[in-house]
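This report refers to the structure that appears directly beneath it.
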Amino acid sequence: MKMAEEYTALAYIVKTLTKAIADSKVEQVSASEYVVRDGNDAIFLKQDTSNSEGNDVISIKDDRKIIFSEDLLETLQDIEDSVKGNDALKASLAATTIIINGLDIETDFVFQAVKDFLDQVSNSYEFVQTVETEVTKIGAGFKFGKHIFRLNITNDAEKITLEPRFVATFDAGIKKTVSDDIIKVQLAVNKMFKGA
């Protein structure tokens, strides 16, 4: 097991969050686990070093989306850029993957962009709920008017793939409209995030 001083990336992220969230309190559960409390709400952070790639992973559970509401996603995405004069900490942060509520930060940004682009294409689109998250993949329910469909989003290193899923009884005309719109949105998010 790592010693407390070996969890410098986690400690730095906790410090960054507590500085940004007014009146927050920190509780250290163990060397690799913290809780940042904001009133009655809490953000749970845990560092895991036993993943298959050998990189550290910091998992953050933020049910109330405090990080999002405080505009801290961008800060966390490039957190290593905020370190001055400590190359070891900077390297540790750069090698650490931060997962928030099951998604890595870029995939969270991709998901927000997909929702925004769908809204720009037509105000008939409405996000219903997140069904499934897995680091770089998300499954979400959407409505087009009264028609509900699932959209699977995969954020690979090279490209972002959007796959709409429809029930067998889904209206064919609406299905074509949604499918065409999803192709437009897929092109837009790939241009935005992958430069393609």
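For clarity, every value in this text was computed on a predicted model and none was experimentally measured.
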With rounding to the nearest 0.5 Å, note down the distance linking [atom1] in [X] to [atom2] in [Y].
X: E70; Y: S24; atom1: CD; atom2: OG; answer: 9.0 Å
X: T154; Y: I160; atom1: OG1; atom2: CD1; answer: 10.0 Å
X: K146; Y: D171; atom1: NZ; atom2: CG; answer: 8.5 Å
X: I43; Y: I21; atom1: CD1; atom2: CD1; answer: 4.0 Å
X: L73; Y: D78; atom1: CG; atom2: CG; answer: 11.0 Å
X: I174; Y: D181; atom1: CD1; atom2: CG; answer: 10.0 Å

Non-hydrogen side-chain atoms of [X] and [Y] separated by less than 4.5 Å:
X: Q28; Y: E33; answer: no
X: T161; Y: Q186; answer: yes
X: I105; Y: T97; answer: no
X: T75; Y: L72; answer: yes

Given 3.5 Å as the limit, does a donor-acceptor pair link the side chain of [X] with the main chain of [Y], or not?
X: T107; Y: L103; result: no
X: S92; Y: A88; result: no
X: D62; Y: I67; result: yes
X: Q47; Y: I58; result: no

Mind listing the closest non-hydrogen atom pair of [X] and [Y] along with its distance?
X: D63; Y: N101; answer: N-OD1, 4.1 Å
X: I66; Y: A42; answer: CD1-N, 4.5 Å
X: A113; Y: M192; answer: CB-SD, 4.0 Å
X: N152; Y: G139; answer: OD1-CA, 3.6 Å
X: A31; Y: L10; answer: O-CD2, 4.1 Å
X: D38; Y: A22; answer: OD1-O, 3.9 Å

Could you check whether atom [atom1] of [X] has more than 12 heavy atoms from other residues, nucleotides or ligands sitting under 6.0 Å from it?
X: K115; atom1: NZ; value: yes
X: K90; atom1: NZ; value: yes
X: D23; atom1: CG; value: no

Can you hop from [X] to [Y] via hydrophobic side chains spaced under 4.5 Å?
X: F111; Y: F68; answer: yes
X: V167; Y: L151; answer: yes
X: V121; Y: F193; answer: yes
X: F44; Y: Y34; answer: no
X: V135; Y: V57; answer: yes

Item to complete: Any chance you could lay out the side-chain contact (heavy atoms from CB on, under 4.5 Å) test for Q77 and F109, step after step, and finish with the verdict?
Response: CA-CA 10 Å; Q77 184 179 31; F109 279 127; 3.3 Å; yes
Item to complete: Would you please indicate if the ring centroids of F142 and Y125 are separated by under 6.0 Å?
Response: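 Between Y125 and F142, which both carry aromatic rings, the centre distance is not below 6.0 Å.
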Discussion item. Is the distance from the ring center of F170 to that of F144 below 6.0 Å?
Written reply: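 Ring-ring flag for F170/F144: false, centres at least 6.0 Å apart.
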Regarding [X] and [Y], is there a side-chain donor-to-acceptor distance under 3.5 Å anywhere?
X: N155; Y: T136; result: no
X: D180; Y: T177; result: no
X: Y12; Y: S82; result: yes

Worksheet item: I60 and side chain to side chain contact (heavy atoms under 4.5 Å, CB included): which partner among V36, I99, I100?
Response: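 Passing option: I100.
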Discussion item. Under the criterion salt bridge (charged side-chain N to carboxylate O under 4.0 Å, His left out), I'd like the reasoning laid out for R150 against E132: C-alpha separation, chi angles, the key distance, then a yes or no.
Written reply: CA-CA 11 Å; R150 178 175 167 146; E132 173 181 22; 2.5 Å; yes
Worksheet entry | Charged N-O contact under 4.0 Å between E158 and K194 |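 No salt bridge links E158 with K194.
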Worksheet item: Is the shortest side-chain N to carboxylate O distance from E163 to R165 below 4.0 Å?
Response: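 Salt bridge flag = yes for R165 with E163.
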Practice prompt. Assess whether side-chain contact (heavy atoms from CB on, under 4.5 Å) is satisfied between V26 and V14, documenting all intermediate values.
Written response: CA-CA 8 Å; V26 178; V14 168; 3.8 Å; yes
Fill in: Evaluation steps, side-chain contact (heavy atoms from CB on, under 4.5 Å), between L162 and V114
CA-CA 9 Å; L162 306 182; V114 166; 3.9 Å; yes
Item to complete: Any chance you could lay out the side-chain contact (heavy atoms from CB on, under 4.5 Å) test for V35 and V29, step after step, and finish with the verdict?
Response: CA-CA 7 Å; V35 178; V29 178; 3.8 Å; yes
